[in-house]
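Working notes, structure below.
Below, read A as the first sequence line, B as the second, and so on, with proteins coming before strands; counting in each chain starts at 1.
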Amino acid sequence: MGRYLLKRLGYLVLTLFIVASLTFFLMKGLPGTPFNNPKLPAEQIALLKTQYGLDQPVWRQYLQYLGGLMRGDFGTSYQFVGQPVSYLIASRLGPSLQIGLQAMIVGTSLGILLGAIAAIRQNTWVDAVATIFAIIGRSIPNFVFAALLQFLLAYQMHLFPVALWDDGWASSILPTLALAMAPLANTARFMRTEMVDVLNTDYIELARAKGDSQWQAVARHALRNSLIPIVTIIGPMTVDLMTGSLVVENVFAIPGIGEQFVKSITTNDYPVIMGLTLMYSFALTVVILIVDILYGLIDPRIRLTGEVA
Amino acid sequence: MTPLLTVDQLTIDFQTFAGPVHAVRGVSFDLAPGETLAIVGESGSGKSVTVRALMGLLAANATVVAGQIHLGTTDVLRQSAQAFNAMRGNEVAMIFQDPMTSLDPTMPIGKQVAEPLRLHHKISRKAALAEAVRVLELVGIHDAARRLKDYPHQFSGGQRQRIVIAIAIINRPKVLIADEPTTALDVTIQAQIIQLLKAIQEKLDTAIIFITHDLGVVAGIADRVAVMYAGRIVEYGTVDELFYHPQHPYTWGLLEAMPTLNTKSKRLFAIPGTPPDLLAPPVGDAFAPRNPYAMAIDLVEAPPFFPVSETHAAATWLLHPDAPAVTPPPEIQRRYAQWAAHELGGDAND
Ligand SMILES: Nc1ncnc2c1ncn2[C@@H]1O[C@H](COP(=O)(O)OP(=O)(O)OP(=O)(O)O)[C@@H](O)[C@H]1O
Ligand SMILES: [Mg+2]
């Protein structure tokens, strides 16, 4: 296990190095510059370029950037003058992390419940309702949900704040629900398929033959076995959440990472874009590592060794 | 002796898109305490459906159209779902065909073996696990105490079937149903599992219903045999009666198809033709289309049981007093000769 973790951490660093290099050269290759305001006089632009080290050869900029990363220095924002990227990210991580985690927890647990019930009540109206719900959740984009929730629950019923991040936990509820829709629908669909398969296995029949009632067989044997494959979709769902968050945060005007990301792209704020890309990559590789460890924990047939890539 | 279990005219349909499948069509048998009844028949003859009805584990699209099952004084088919749960794994237990898939892959085997105890008795986890160790040792899992935390994938197929048997017997059921428990195992392991079932039966005095389509294993374990064809029992009797004095042409076919030590050719004999479509079972004797000895009446009316001895009967018109005498296949004649020579049943009147 120790060797396994060490190996995985090695891969993590390698992944981040590749992502950092790729984004760096991609940014360099892009036509726009942060200082493309036509009103800026040429000598002003030259001054700015010197200030940010942009007059140096690209290889030197690259080495400086990597060197900075080693020291935890992600550079300085072009847009917010003098603000270190790491500070910008840190100050905005909270709201994003909160609604992301909440959406993940709400989405997967409700999805598991919905999928399991649909499978147990297979081919009844319960199953039909759950399936329709899942299809809706998967096919409608989350900004539509966001707007719908805003309109119904906030604007009309006044149950929650319409937008902004100034009302404590209540502010996070609607964004969380809007964001949770995709993972909920995904998990429900996956869970139903898995559970239907598992309910038809010999070991569930044996559980019934032991005297388990239908619900006992589900709780003791079917649930855990159906959950194993669910773990694999946590990775892709995290990606969905990250991208979903970009939109949802904008709709609800939440000062989160997603909103920052969108803003930095529209202003060509390269250091911030690169920093955020790295942060997303880091988060994703960590999630994947956690998923693999979880896998080993819930499926006894999988043993984590240094051999597994 | 009063039977422990009686199955009376059990009739089961499955609702399908094509219409009702008449899978079990009036099956009756009984089982005495401690005896072993083998149910033999080709694939699809209704063996599993019959015993699943007894376990209350029929598929959702099944209907018991008629018939009764009594276990002691319990009317099995008319009991509540809770009463069924209380019976399963306690009074009646079941062993399945494929040990590779019968155990929960994510649960340690100790917990799985102890589960029926915990379900049916007020017993602490520790005491249940201690009993699990005892039963696992009984079925031949060595060093069971140290292996309680192991998972199914850490055991071989034969060992897993032993574990499944341990699960089945931990509550000392009165009836143990074994649905082709050795089909998925290789021959040497098959013999060990049969030996184990016999040993368990002697020790616990459990009655066993042993389902198989391999007559070869029947002789080694059963007291009595019932032969099933297309949802009906067509012949039943003691093992000796069925093996050496069979009366139904279908039983003849099964015996001919059985590989013996002196089977010379590699090619085994199989009964020609296929079983009838149970969506619309034929009028008359369902076996008639495959039966070289079929008579006109076979196509019109299903034969009733004709008694051969007190313990032996067959549902074939050949036993009707007016039926012409027929010459059975050579293999069966050979068996009749053995029957006569060893006076296995007293009067060999053929
Ligand atoms: N759920 C179901 N729906 C429709 N038909 C079914 C269902 N279950 C069983 N049958 C049918 O009932 C008949 C008897 O099946 P059963 O499983 O009892 O056969 P079997 O004698 O146990 O055969 P095998 O040796 O292959 O196990 C078969 O024709 C089968 O197709
Ligand atoms: Mg079967």
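- For chain B, the nearby part of Ile228(A) is the side chain; its heavy atoms alone come within less than 4.5 Å.
- No hydrogens or angles considered: nothing links the side chains of Thr74(B) and Gln79(B) as a donor-acceptor pair under 3.5 Å.
- Using a 4.5 Å cut-off between non-hydrogen atoms, the part of residues 45-60 of chain B that approaches chain A consists of Arg52(B), Met55(B), Leu57(B).
- Among all heavy-atom pairs drawn from Pro181(B) and Phe210(B), the shortest one is CG-CE1, 3.5 Å.
- For the side chain to side chain contact (heavy atoms under 4.5 Å, CB included) test, residues two or more places apart in sequence or in another chain that qualify with Ile140(A) are Ile136(A), Val144(A), Phe145(A).
- Among the candidates Ala81(B), Pro105(B), Pro173(B), Ala86(B), the residue making the largest number of heavy-atom pairs closer than 4.5 Å to chain A is Pro105(B).
- Note that the OG1 atom of Thr206(B) and the CD1 atom of Ile200(B) stand 8.0 Å from one another [nearest 0.5 Å].
- Note that the CG atom of Leu9(A) and the OG1 atom of Thr285(A) stand 10.0 Å from one another [nearest 0.5 Å].
- Contact annotation for residues 109-124 of chain B against chain A (heavy-atom separation below 4.5 Å, listed by residue number): Gln112(B), Glu115(B), Pro116(B), Leu119(B), His120(B).
- By the 6.0 Å and 45° rule, Arg162(B) does not stack over the aromatic ring of Phe155(B).
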- [ ] Could you give me the CA-CA distance, side-chain angles and deciding distance for Thr201(A) and Thr101(B), then say whether side-chain contact (heavy atoms from CB on, under 4.5 Å) is met?
- [x] CA-CA 7 Å; Thr201(A) 58; Thr101(B) 55; over 6 Å; no

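- For the pair Met195(A) and Val218(A), the minimum side-chain heavy-atom distance is below 4.5 Å.
- Counting all heavy atoms, side chain and backbone alike, Ala217(A) lies closest to Arg208(A) at CB-CD, 4.1 Å.
- The shortest side-chain heavy-atom distance between Leu10(B) and Leu77(B) falls under the 4.5 Å cut-off.
- For Ile167(B), the part lying near chain A is the side chain, with the backbone staying farther off; criterion is any non-hydrogen pair under 4.5 Å.
- Contacts between residues 209-216 of chain A and chain B, counted as heavy-atom pairs separated by less than 4.5 Å, involve Ala209(A), Lys210(A), Gly211(A), Asp212(A), Ser213(A), Gln216(A).
- Val231(A) places none of its side-chain heavy atoms less than 4.5 Å from the side chain of Asp299(A).
- More than 12 heavy atoms of other residues, nucleotides or ligands shown are found within 6.0 angstrom of CZ on Arg78(B).
- Checking each of His70(B), Gln68(B), Met87(B) against Val76(B) for a side chain to side chain contact (heavy atoms under 4.5 Å, CB included) leaves exactly one that passes, namely Met87(B).
- Counting non-hydrogen atoms of other residues, nucleotides and ligands closer than 6.0 Å to OH of Tyr295(A) gives a total above 12.
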